[in-house]
Amino acid sequence: MKNLYLPITVDHIARVEGKGGVEIVVGDDGVKEVKLNIIEGPRFFEAITVGKKLDEALAVYPRICSFCSAAHKLTAVEAAEKAIGFTPREEIQALREVLYIGDMIESHALHLYLLVLPDYLGYSNPLKMVDEYKKEIGIALDLKNLGSWMMDELGARAIHQENVVLGGFGKLPDKTTLETMKKRLQEALPKAEYTFELFSKLEQYEEVEGPIIHLAVKPRGDVYGIYGDYIKVSDGFEFPVEDYKKHIVEKVVEHSFAKHSFYQGEKPFMVGALPRLVNNADTLYGRARELYESHRDLLRPTNPFANNLAQALELVYFTERAIDLIDEALAKWPVAPRDRVEVKNGFGVSSTEAPRGIVTYALEVKDGRVAYADIITPTAYNFAMMEVHVRMMAEKHYNDDPERLKYLTEMVVRAYDPCISCSVHVARL
Amino acid sequence: MEGKVRIGFYALTSCYGCQLQLAMMDEILQLLPHAEIVCWFMLERDSYEDEPVDIAFIEGSVSTEEEVELVKKIRENAKIVVAVGSCAVHGGVQSWEKDKSLEELWKTVYGDGKVKFEPKMAEPVENYIKVDYRIYGCPPEKKDFLYALGTFLVGSWPEDIDYPVCVECRLNGHPCILIEKGEPCLGPITRAGCDARCPGFGVACIGCRGAIGYDVAWFDSLAKTFKEKGLTKEEILQRMKMFNAHNPKLEEMVEKIFQGVEE
């Protein structure tokens, strides 16, 4: 029989942030089509902030995505500060990175324990795991609470942090609070390590093994982290963040409100915790460095499922890193929360590492207002690659029970930790 | 209520922050013995959008034709519909440029690119269905959820707050950002309940919980103070529209008060 198509669809992928679906069309000679349908409506963030006062636009940008609102806030603020020619003091920069790490810890803990782990343990919902997996849920909540609390103290709240302003912070926590933060981070280290142990035992599906191009921000000062001025590619190439448009193109695809991104014109690529490790592992230090060295066989650059374990490794790393950054700030105590900034005209680009990969902001400021805005979010960078891996999984399992196929393809999508809301952004063409 | 309360949490177009706020609450574990989660895609794989529920929580603004159909379906299936957060209640920040056309916004962003789904200008849920209760904020405070869930579970009805952020700010003894620093703080007209969170950090209120009723003295004073600080009517309107673009009385009130102030 010719042209007998069997569509297998997940209308709404559960346990990811935002609304997306998977559509797989199978014909008599195999998989015909694989699409990630992004059905979340458009929100036109760039278009609505152009012409608006800079501080008001900076209040709106984090609202692109709640899971990485600190990432959006801090990246937008850095782009704006670059545009107006302002560089924050080192201690302010350190404390901003601590806030960012709060987002990283919370987001990784939520993703690993609440969104990914239930699949492996056979639960449809993480809340159902409470009785059987008390310890794991306890650790998940502890790490999540630590991350949220760090954002509360440094950002004014865990979602949409208004306390980050041009020139610094509205207000800084007192010294005792920072010392408490340090103590809580030290107490969290064994829990982060337990998470790594737990995730090192989970299956990584061989069906999706294959070469991947990895992009990550090259960390400033050669210390594994979030901020940088260059993008590093796993093929050996490097480019300044300002040149992102020369090397990455975004295309509108018919089945998605989110665009797809390609490196050097046509190549899908991956961003996220795994790409950060692939490109920047030589800048890791401490316990995370040891764990990386002893688990290199599991942290394979060729398997998107290794992204989960890479996130677990980062829980260990960033917990330690935040302690060092707090020490850096405390060494200069008392620290003034903000410097006076003069809003000059200019253009600035910032790319930082959000929990789920590179996020890029390009802002032009003119007469105190946003004159141009271009934002590319991690998930928008990842979509094309995600679709490749969903297809690989589908090609191996299209003859299986459709429920099994759905389950496996959803797991591929989840391994990317996609923020679908934030991918439905808008970029000027 | 007898037996387990059937609850659905539905997402329209948003940042998912309202759901995240609820999911992040440890207290949710205490809710579980009393509630059955029928739909909550963010956490539950076995979620059903078209099943009957006692309480439907909806977050996000209506931004596609598919979402129009979805909210109608939710209303048919639910005893109580709760709009959660700034997007569902007020259309969200994505409504900031609601006076521009969809075509114009689309072109700026997608150029000539076409997508197979039907986009719409963002709107509050109430523009399509009857909403029984609102939880304000971007995102709502945890205690907003606790209060609403708690009262629903005992068969009662949560009440709205009808005083502004200024009241909480004064009670906390924070310096006044508007008067003392001259920053465009929206505290005087914004619905309280956040314990003056941002002014407590020395940051001006951006009005994320939405405006309380306009016919109050605070609104006049604010417009007057803004004007004295040198803000133009356009600047005031732009700021108030961040979370209130769909309020039909906004322009009229700002205009009226501005004229009054000039006398």
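The chains referred to below are lettered A, B, ... by the order of the sequence lines, with proteins before strands, and numbering in each begins at 1.
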Below 4.5 Å from any heavy atom of chain A, which atoms of [X] appear? Answer side chain, backbone, both or neither.
{"X": "B:Met242", "answer": "side chain"}
{"X": "B:Gln19", "answer": "neither"}
{"X": "B:Lys100", "answer": "side chain"}
{"X": "B:Val93", "answer": "both"}

Name the option with the most non-hydrogen atom pairs under 4.5 Å to chain B; the candidates are [options].
{"options": "A:Lys171, A:His160, A:Arg63, A:Lys53", "result": "A:Arg63"}
{"options": "A:Ala59, A:Ala14, A:Ser124, A:Gly18", "result": "A:Ser124"}
{"options": "A:Arg157, A:Lys128, A:Glu106, A:Glu162", "result": "A:Arg157"}

Exercise for review: Using atom types as modelled and distance alone, determine if a side-chain donor or acceptor of B:Ser63 lies under 3.5 Å from a backbone N or O of A:Gly41.
Suggested key: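 Checking the backbone N and O of A:Gly41 against the side chain of B:Ser63, no donor-acceptor pair under 3.5 Å is found.
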Could you give the distance from [atom1] ([X]) to [atom2] ([Y]), rounded to the nearest 0.5 Å?
{"X": "A:Ile48", "Y": "B:Lys241", "atom1": "CD1", "atom2": "NZ", "result": "13.0 Å"}
{"X": "A:Asn125", "Y": "B:Leu43", "atom1": "CG", "atom2": "CG", "result": "6.0 Å"}
{"X": "B:Glu183", "Y": "A:Asp55", "atom1": "CD", "atom2": "CG", "result": "8.0 Å"}
{"X": "A:Phe67", "Y": "B:Leu20", "atom1": "CZ", "atom2": "CG", "result": "4.5 Å"}
{"X": "A:Asp152", "Y": "B:Phe201", "atom1": "CG", "atom2": "CZ", "result": "7.5 Å"}
{"X": "B:Glu97", "Y": "A:Phe44", "atom1": "CD", "atom2": "CZ", "result": "11.5 Å"}

Most contacts with chain A, counted as non-hydrogen pairs under 4.5 angstrom, among [options]:
{"options": "B:Ala11, B:Cys138, B:Ser61", "value": "B:Cys138"}
{"options": "B:Leu29, B:Leu12, B:Ile28", "value": "B:Leu12"}
{"options": "B:Pro139, B:Gly17, B:Pro119", "value": "B:Pro139"}

- Task: Could you go through the side-chain contact (heavy atoms from CB on, under 4.5 Å) check for A:Val252 and B:Asp112 one step at a time?
- Result: CA-CA 9 Å; A:Val252 177; B:Asp112 296 324; over 6 Å; no
Between A:Lys19 and B:Glu67, does at least one N-O distance fall below 4.0 Å, as a salt bridge requires? yes
- Query: Should A:Glu410 and B:Arg45 count as an ion pair when the cut-off is N to O under 4.0 Å?
  - Reply: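 Between B:Arg45 and A:Glu410 there is a salt bridge, with a charged N closer than 4.0 Å to a carboxylate O.
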Of the backbone (N, CA, C, O) and the side chain (C-beta and beyond), which part of [X] lies under 4.5 Å from a heavy atom of chain B, both, or neither?
{"X": "A:Val10", "result": "neither"}
{"X": "A:Phe169", "result": "neither"}
{"X": "A:Tyr407", "result": "both"}
{"X": "A:Gln161", "result": "neither"}
{"X": "A:Val165", "result": "side chain"}
{"X": "A:Leu172", "result": "neither"}
{"X": "A:Leu115", "result": "side chain"}

Does a side-chain heavy-atom distance below 4.5 Å link [X] with [Y]?
{"X": "B:Met42", "Y": "A:Arg15", "answer": "no"}
{"X": "B:Tyr16", "Y": "A:Cys65", "answer": "no"}
{"X": "A:Leu127", "Y": "B:Ile37", "answer": "yes"}

Where [X] and [Y] come nearest, the two heavy atoms and their spacing:
{"X": "A:Ser148", "Y": "B:Met24", "answer": "OG-SD, 3.8 Å"}
{"X": "A:Ser66", "Y": "B:Cys15", "answer": "OG-O, 2.8 Å"}
{"X": "B:Arg197", "Y": "A:Ala156", "answer": "NH1-O, 2.5 Å"}

